[in-house]
Novice: 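Here it is, the structure, as C-alpha cells.
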Amino acid sequence: MDLQTQWYLIESEHDYHQAINRYQAIKHAKKGSEDHKEKLLLAHLISEHDKAHSTLPEVDPIELIKIRMKEFGYKPSDLAEIYGDKGTVSKVLNYKQALSLTMIRKFSELLKIPSEALIKEYDLKIQKA
C-alpha cells in the first residue's frame, strides 16, 4: 500500500472510482499482506457505498451477475477462479444450471451483490432430448 494512501468513507463518485480502481489493482493480493488488508477495507467501503447509493436493477440473478461482471471488468474465468469450476460457471451464466448456495455466497462477496438478490427465482433453459 502506498504510505500516503488513507481510505475514508466514500463520499463522492471520484472517491468511489478511486476505490474501485485500487481494489482492481490489488484484488489478488496474498492473504495476510498489507495489500490484502487494504483490499478487505476497500471491499467494505465499496459495499457500504453501494448499499447507500445504488439501487440494483430489477433483473434476474444471472443478468445481475453479468451486469456487475461488466462493471468490475470481470470475465467468466474470474468467476471460475473464485468458484473453482469453469464448466459449472459457464452453465450457470448460460441458464443451463441454477446457482448453488456456494456460488451465491462467493459471487455475492466478489461482485458486491446482496445475496438476497441472487436467491430470486429465474427460468433455466432446459434442452429437451
Side-chain angles (χ1 to χ4, degrees):
M1 171 167 53
D2 182 356
L3 293 177
Q4 286 119 348
T5 302
Q6 288 189 329
W7 293 104
Y8 301 96
L9 293 177
I10 297 172
E11 296 178 333
S12 69
E13 283 300 306
H14 176 74
D15 293 347
Y16 181 76
H17 290 293
Q18 275 190 308
I20 292 287
N21 290 339
R22 179 63 181 155
Y23 180 87
Q24 290 298 324
I26 61 173
K27 67 183 175 186
H28 298 296
K30 185 177 177 185
K31 196 171 189 174
S33 68
E34 289 299 313
D35 281 349
H36 185 260
K37 291 176 187 176
E38 182 183 7
K39 177 185 89 166
L40 295 176
L41 173 62
L42 287 169
H44 176 73
L45 292 173
I46 291 166
S47 176
E48 290 302 308
H49 179 272
D50 285 347
K51 282 183 204 172
H53 294 94
S54 68
T55 55
L56 295 172
E58 285 296 321
V59 296
D60 72 60
I62 303 307
E63 283 305 310
L64 187 54
I65 288 170
K66 290 177 180 180
I67 289 167
R68 295 300 279 200
M69 285 172 63
K70 187 173 183 180
E71 288 175 359
F72 283 112
Y74 289 135
K75 298 180 186 111
S77 59
D78 295 313
L79 270 61
E81 189 175 308
I82 295 299
Y83 180 68
D85 182 4
K86 190 174 182 178
T88 301
V89 169
S90 176
K91 287 177 188 174
V92 167
L93 292 177
N94 288 299
Y95 293 89
K96 296 183 190 287
Q97 183 173 327
L99 284 162
S100 68
L101 184 56
T102 301
M103 284 182 147
I104 290 170
R105 288 179 180 146
K106 290 184 179 203
F107 295 169
S108 173
E109 181 181 340
L110 176 70
L111 300 170
K112 312 296 175 245
I113 301 171
S115 56
E116 302 83 50
L118 296 178
I119 62 172
K120 293 179 183 172
E121 285 190 49
Y122 61 96
D123 293 329
L124 296 177
K125 296 177 183 173
I126 309 287
Q127 291 182 332
K128 296 180 173 106

Novice: Kindly indicate whether the side chain of L111, heavy atoms from C-beta on, has any atom under 4.5 Å from the side chain of L64.
Specialist: no
Novice: Is the closest side-chain heavy-atom distance between L42 and I26 below 4.5 Å?
Specialist: yes
Novice: Between I10 and A19, which heavy-atom pair has the shortest distance, and what is it?
Specialist: CD1-CB, 3.8 Å
Novice: If you round to the nearest 0.5 Å, how far is CG of L118 from CD1 of I113?
Specialist: 5.0 Å
Novice: For Q18 and Y23, does a side-chain donor sit closer than 3.5 Å to a side-chain acceptor?
Specialist: no
Novice: Taking atom NZ of K106 and atom CG of L101, what is their separation to the nearest 0.5 Å?
Specialist: 11.5 Å
Novice: Is N21 atom CG crowded by more than 12 heavy atoms from other residues, nucleotides or ligands, each under 6.0 Å away?
Specialist: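 Atom CG in N21 is crowded, with more than 12 foreign heavy atoms closer than 6.0 Å.
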Novice: Return the CG to CG distance between L93 and L79, rounded to the nearest 0.5 Å.
Specialist: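 One finds 6.5 Å between CG of L93 and CG of L79.
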Novice: Just how far is it from atom CG of N94 to atom CG of L124, taken to the nearest 0.5 Å?
Specialist: 11.5 Å
Novice: What verdict does the side chain to side chain donor-acceptor pair (under 3.5 Å) test give for E63 and Y95, after you've listed the backbone C-alpha separation in whole Å, the side-chain angles of each residue and the deciding distance to 0.1 Å?
Specialist: CA-CA 10 Å; E63 283 305 310; Y95 293 89; 3.2 Å; yes
Novice: Determine whether F107 and V59 fall in the same hydrophobic cluster, where Ile, Leu, Val, Met, Phe, Trp and Tyr are linked whenever their side-chain heavy atoms lie under 4.5 Å apart.
Specialist: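 They do share one cluster, since a chain of ILVMFWY contacts under 4.5 Å joins F107 to V59.
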Novice: Please report the shortest heavy-atom distance between Y122 and A98, naming the atom on each side.
Specialist: OH-CA, 3.3 Å
Novice: If we ignore angles and hydrogens, is there a donor and acceptor under 3.5 Å between the side chains of Q6 and Y8?
Specialist: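 Short answer, yes.
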Novice: If you compare all heavy atoms of P61 against all heavy atoms of A117, which two are closest, and at what distance to 0.1 Å?
Specialist: CG-O, 3.6 Å
Novice: Looking only at heavy atoms, what is the nearest atom pair of P76 and V89, with distance?
Specialist: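 Closest heavy-atom pair between P76 and V89: O-CG1, 3.9 Å.
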Novice: State whether R22 and D35 are salt-bridged, where the test is any N-O pair (Lys NZ or Arg NE/NH1/NH2 against Asp/Glu carboxylate O) under 4.0 Å.
Specialist: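 Here R22 pairs with D35 in a salt bridge, since their nearest N and O are under 4.0 Å apart.
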Novice: In terms of hydrophobic clustering (I, L, V, M, F, W, Y; side-chain heavy atoms under 4.5 Å; direct or indirect links), are I119 and L99 co-clustered?
Specialist: yes
Novice: Give me the atom names and distance for the closest heavy-atom approach of S47 to K112.
Specialist: CB-CD, 4.3 Å
Novice: Show the nearest heavy-atom pair for residues K86 and A80, with the distance to one decimal.
Specialist: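 Answer, listing the atom of K86 first, then A80: CA-CB, 3.5 Å.
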Novice: Looking at E109, I want to see if its CD is surrounded by more than 12 non-hydrogen atoms of other residues, nucleotides or ligands under 6.0 Å.
Specialist: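 No.
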Novice: Is there side-chain contact between K75 and D78, with heavy atoms separated by less than 4.5 Å?
Specialist: yes
Novice: Going from CZ on R68 to OH on Y74, what distance comes out if it is rounded to the nearest 0.5 angstrom?
Specialist: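 Reported value, rounded in 0.5 Å steps: 10.0 Å.
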